[in-house]
Amino acid sequence: MRRGSAARVVHLCFHGIGRPARDLEDGEEPYWITADTYQRVLDEVAGDPRVRLSFDDGNASDLEIGLPALVERGLTATFYVLAARLDRPGSLARGDVRELSRAGMTIGSHGMDHRPWRGLLPAGVRRELVEARAILAEAAGQQVDRAALPLGRYDRRTLGHLRRLGYASVASSDRRWSTDSAWLQPRFSVRSHDTPHSVRREMLTPQPLGQRVRLEAVGLAKRLR
Ligand SMILES: [Zn+2]
């Protein structure tokens with residue numbers, strides 16, 4: 001068995017919980033889960049040392065529903081927040097981000113405008129990867145050195161920018177297992193049709209070797225394109 005940072009871990013990613021308090025983007029609805037599903041999934045994974053948790057998009061539900069259930073179970077998570085949505089209805093306010101940080105949670109950047117980071121021009125790189133991070137660090141009162149790729153999209157140039165700008169880790173949505181030492185961290189998004197059972201079967205159970213090899217090849221192709 002492999003030990004330490006090379007041990008396999010499973011990143012689970014949540015988006016919205018409960019009822020959205022803002023207009024959703026196209027295709028976003030399947031990523032909203034009920035508070036009941038969220039709490040049951042947490043119960044399923046609490047105490048499993050392989051599991052890492054994160055939240056994308058900076059929805060108000062991160063603080064209202066996400067945080068209390070984590071604290072109750074002694075869990076922590078990384079919250080990847082969208083800088084341009086701060087203080088908007090349905091999204092986290094700056095003070096909420098500070099509260100998550102004070103509760104021992106890690107704040108990461110999901111960029112500014114929730115647009116893909118593939119093909120960014122220099123002004124876009126500055127806005128999405130530099131300015132958004134600075135705004136979030138200011139709100140959180142902590143350094144921000146983790147990023148989650150908006151809509152899971154990336155290519156070699158995207159990752160090059162993130163490396164050059166000193167991000168310590170980058171979260172994707174590639175639905176594979178990872179290791180703690182991996183710089184690019186695949187994650188499984190929990191979606192509206194998921195149950196504790198499907199999470200166990202599809203995410204916490206090691207993928208068969210053939211499937212793993214296939215998914216790793218897809219990831220490699222994305223990194224190199
Ligand atoms: Zn997102």
Side-chain angles (χ1 to χ4, degrees), residues 10-34 37-38 41 52-67 70 77-94 96-97 100 105-120 124-125 127-137 139-140 144-155 158-159 161-162 165 167-176 178 184-194 199 203 219 222:
V10 187
H11 288 267
L12 299 190
C13 175
F14 301 103
H15 293 77
I17 307 168
R19 208 184 295 269
R22 61 173 172 79
D23 290 337
L24 296 186
E25 295 180 356
D26 281 349
E28 191 188 342
E29 204 177 326
Y31 291 89
W32 280 74
I33 63 174
T34 65
T37 297
Y38 169 61
V41 167
R52 307 286 177 270
L53 302 172
S54 58
F55 292 74
D56 279 10
D57 301 346
N59 291 300
S61 57
D62 289 1
L63 184 75
E64 289 163 12
I65 306 171
L67 180 68
L70 291 172
T78 301
F79 291 78
Y80 294 100
V81 180
L82 283 162
R85 282 199 196 157
L86 286 173
D87 298 318
R88 295 224 194 133
S91 293
L92 294 172
R94 281 174 167 72
D96 298 339
V97 172
L100 288 168
M105 306 296 141
T106 301
I107 304 301
S109 177
H110 202 33
M112 194 74 91
D113 301 315
H114 213 227
R115 56 186 278 215
W117 289 348
R118 280 192 79 187
L120 286 177
V125 170
R127 180 170 168 81
E128 289 290 328
L129 307 186
V130 179
E131 291 167 14
R133 175 168 65 175
I135 290 168
L136 294 168
V144 170
D145 63 3
R146 300 188 194 188
L149 299 155
L151 312 178
R153 308 227 190 114
Y154 63 92
D155 59 13
T158 313
L159 300 183
H161 292 313
L162 288 158
L165 292 167
Y167 281 90
S169 66
V170 174
S172 76
S173 312
D174 285 343
R175 298 184 77 78
R176 289 186 284 124
S178 184
L184 185 60
Q185 299 178 334
R187 297 179 298 168
F188 292 86
S189 287
V190 178
R191 292 177 285 195
S192 56
H193 61 263
D194 278 311
V199 167
M203 306 178 196
K222 284 187 181 178

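First listed ligand is number 1; within each ligand, the first listed atom is number 1.
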* Glu25 atom CD, neighbour heavy-atom count above 12 within 6.0 Å -> yes
* **More than 12 heavy atoms from other groups under 6.0 Å of CZ on Phe188** => yes
* Compare all side-chain heavy atoms of Leu151 with those of His114 and state whether any distance is below 4.5 angstrom. => yes
* Number of protein N, O or S atoms [distance to the Zn ion (ligand 1) under 2.8 Å] -> 3
* Asked: What residues, two or more places apart in sequence or in another chain, satisfy salt bridge (Lys or Arg N to Asp or Glu O under 4.0 Å) together with Asp57?
  -> none
* Can you label the angle between the Phe79 ring and the Phe55 ring as parallel, tilted or perpendicular, going by 30° and 60°? => parallel
* Identify the residue among Ser172, Ser54, Ser169 that makes a side chain to side chain contact (heavy atoms under 4.5 Å, CB included) with Gln185. => Ser169
